[in-house]
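Written out below as structure tokens is the structure these notes cover.
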Amino acid sequence: MYALVDCNSFYASCERLFRPELKDKAVVVLSNNDGCVVARSAEAKALGIKMAVPFFEVREFYERGQLQVFSSNYALYGDLSARVMTTLEELVPEVEVYSIDEAFLGLSGMRTEPDLTELGHKIIKRINHWIGIPVGVGIAETKTLAKLANYAAKHYPQTQGVVDLSKPGWRERLLKKTDVSEVWGVGRRTVEKLRAEDIYTAADLARADAETMRRRYSVVLERTILELRGIPCIGFDEQPNPKQQILCSRTFSHRLTCLQPMQEAIREYAVRAAEKLREEKRLTSSVSIYIRTNPNAKFEMKYANGATYPLPSPTNDSRVIMKIALRLLQGIYRDGYRYMKAGVILNALQPEDNYQADLFNPDLCTTKSLQLMKTLDQVNQRFHRGLSFAGQGQKQDWAMQRQHLSPRYTTSWRELKVVRA
DNA sequence: TCTGGGGTCCTAGGACCC
DNA sequence: TCTGGGGTCCTAGGACCC
């Protein structure tokens, strides 16, 4: 048996935690650059604000004082997420952290618990009491059904936040009244095709012939169908797999029209990506970058391009990655466009303690390089932006806008001035 | 005027091997 | 006239997730 625990309107709930006067108020949290809505309190949903709409489309509510708005504060959400996960780990033996706001629980070792619904309520109470974040709990025989149970727990208030689909008859009833688009793994494209063949509800999908559907769609959809029938196809993974790709990309605060700030941005993203790489204890042997104009603009010249450089020998050295990224930029940058976004991607990742070196090229992981990076990271862990490379830019006025950022309630950096003192 | 960031998995097709 | 069978590896692109 699995449970899925999912925090309600997670980012919005985090913000409200420190602003109790906003309880029962419409609250939204915006994406980076204050671009789109990425989290909505129930009251904001009631205003008709849809997920992922551009902020300018709902700005009116804000200006009329009907809507409280926050820029995303990932340091805060990450910190509260860790507290939620730790609390779950104290309650059940197996926890798979699935995203910042949800976790699958393995309940097989919980045979002594008389009633799983009771366990669900215990989880809700504990997390609410200890952390103050509301959660919902879905329980079922497969992950896909647990997701669906969780959806029901949030959707139907009479469940009080807990749905156990293993109860006789519950699964059939829920599948019948749930739109197929709510099923985990069934996205927009697939929904369109399914409707064309008269599959509208989760029950319709569960009834479809799995073999035929694999041929017509994919093995992924076949697995979803089996999971809806209670046959587990997706395993439980307590230890997250090591990352296969690391990406750092940002939309600029305003469009960039010349090379110099683009170079600063690429350097900055390369350094950030290299930092993440070292955090993961991995090396990269492939550096890619991409740049693009606004794909949504109707009356603008569009340009998007990317480039990749495979390294002969793997590295985690910010300097090497930065230099390569910059050279790649020279190759694809074209004058005359209004650039909106750029990114640096590291691929072909290998563990740092067991990597494939090159027979004919010098090993880039020299003691000197490793030591320097270690020192760089140690300084920057204690002092925010304590050490950076000259070319990253000091002012960075292309960096994202966060006009509605909340304070660092639970995290703190020592500022650079401490170093100077 | 104004639209995020960071990932995973699967498939088809090309190039290549014996 | 007529040209096999069985594989692997890599990449780009699509679909999906939160």
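It should be emphasised that the depicted structure is a prediction, and the values quoted were computed from it without experimental measurement.
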Quiz item: Over how many whole Å does the gap from A:Arg272 atom CZ to B:dG6 atom P extend?
Solution: 12 Å
Quiz item: Rounded to the nearest Å, what distance is computed from the NZ atom of residue A:Lys341 to the P atom of nucleotide B:dT3?
Solution: 11 Å
Quiz item: The side chain of A:Arg338 lies closest to which of these nucleotides: B:dC2, C:dC17, B:dT3?
Solution: B:dC2
Self-check item: Proximity to the side chain of A:Val219 - top-ranked nucleotide from C:dC16, B:dT11, C:dC17
Solution: B:dT11
Practice problem: Check every atom of C:dC18, C:dC16, B:dG5 against the side chain of A:Arg250 and return the nucleotide holding the closest atom. | Solution: B:dG5
Quiz prompt | Atom pair distance, as rounded to whole Å: CG in A:Leu405 and C1' in B:dG4 | solution = 16 Å
Self-check item: For atom CD1 of A:Ile100 and atom P of B:dG7, their distance in whole Å
Solution: 13 Å
Quiz item: Under 4.0 Å between a side-chain N or O of A:Ser99 and OP1 or OP2 of C:dC17?
Solution: no
Self-check item: Parallel, tilted or perpendicular, as decided by the 30° and 60° cut-offs, for the rings of A:Phe104 and A:Trp184
Solution: tilted
Quiz prompt | d(CG, A:Asn294; P, B:dT1) in whole Å | solution = 12 Å
Practice problem: May I ask you to check whether A:Asp79 and A:Thr410 show a side-chain donor-acceptor distance below 3.5 Å? | Solution: yes
Quiz item: Under a 3.5 Å cut-off for both distances, is B:dC18 Watson-Crick or wobble paired, and to whom?
Solution: C:dG5
Quiz item: Please give, in whole Å, the distance from C:dT11 C1' to A:Gln245 CD?
Solution: 13 Å
Exercise. Round to a whole Å and report the spacing from CD of A:Glu300 to P of B:dC2.
Key: 7 Å
Quiz item: Salt bridge between A:Glu15 and A:Arg19, side-chain N to carboxylate O under 4.0 Å?
Solution: no
Quiz prompt | Which residue lies more 5' along DNA chain B, comparing A:Ala52 with A:Pro242 via nearest heavy atoms | solution = A:Ala52
Practice problem: Under 4.0 Å between any heavy atoms, over every strand shown, what does A:Asn33 touch: base, sugar-phosphate, or nothing? Just pick one. | Solution: nothing
Exercise. Check every strand shown and say whether A:Met340 touches a base, only sugar-phosphate, or nothing at a heavy-atom separation below 4.0 Å.
Key: sugar-phosphate
Self-check item: Nearest-angstrom distance from the residue atom OH of A:Tyr151 to P of C:dC17
Solution: 14 Å
Quiz item: For A:Lys276 and B:dG6, is the shortest distance between a side-chain N/O and OP1 or OP2 below 4.0 Å?
Solution: yes
Quiz item: Is any side-chain N or O of A:Arg223 closer than 4.0 Å to OP1 or OP2 of B:dC9?
Solution: no
Quiz prompt | Mutual orientation of the aromatic rings belonging to A:Tyr151 and A:His155 [parallel < 30°, tilted 30-60°, perpendicular > 60°] | solution = parallel
Exercise. Name the closest nucleotide to the A:Lys243 side chain, picking from B:dG5, B:dT8, C:dA15.
Key: B:dT8
Quiz item: Within the structure shown, what part of the strands sits under 4.0 Å from A:Asp34 by heavy-atom distance: base, sugar-phosphate, or nothing?
Solution: nothing
Quiz item: Hey, which of these two, A:Val220 or A:Tyr11, hits DNA chain B nearer its 5' end, going by closest nucleotide?
Solution: A:Tyr11
Quiz prompt | A:Lys147 side-chain N/O to C:dC18 phosphate OP1/OP2 under 4.0 Å | solution = yes
Quiz item: According to a strict under-4.0 Å criterion, is A:Ser249 in side-chain N/O contact with OP1 or OP2 of B:dG6?
Solution: yes
Practice problem: Ignoring the backbone of A:Phe56, work out which of B:dC2, C:dC18, B:dG4 is nearest its side chain. | Solution: B:dC2
Quiz item: Ring centroid separation for A:Phe70 and A:Tyr11, is it under 6.0 angstrom?
Solution: no
Self-check item: Closest nucleotide among C:dC18, B:dG6, B:dG5 to the A:Thr251 side chain
Solution: B:dG5
Exercise. Consider the side chain of A:Val38, meaning its heavy atoms from C-beta on, and name the nucleotide among B:dT3, B:dG5, B:dG4 that approaches it most closely.
Key: B:dG4
Exercise. Would you please classify the geometry between the A:Phe55 ring and the A:His404 ring as parallel, tilted or perpendicular, with 30° and 60° separating the classes?
Key: perpendicular
Exercise. Ignoring backbone atoms, test whether A:Arg255 places a side-chain nitrogen or oxygen under 4.0 Å from the OP1 or OP2 oxygen of B:dT3.
Key: yes
Quiz item: If only side-chain N and O atoms of A:Gln244 are considered, is one of them under 4.0 Å from the OP1 or OP2 phosphate oxygen of B:dC9?
Solution: yes
Self-check item: Donor + acceptor pair across side chains of A:Arg223, A:Thr144 (<3.5 Å)
Solution: no
Quiz item: When all nucleic acid strands are considered with a 4.0 Å heavy-atom cut-off, which category describes A:Tyr98: base, sugar-phosphate, or nothing?
Solution: sugar-phosphate
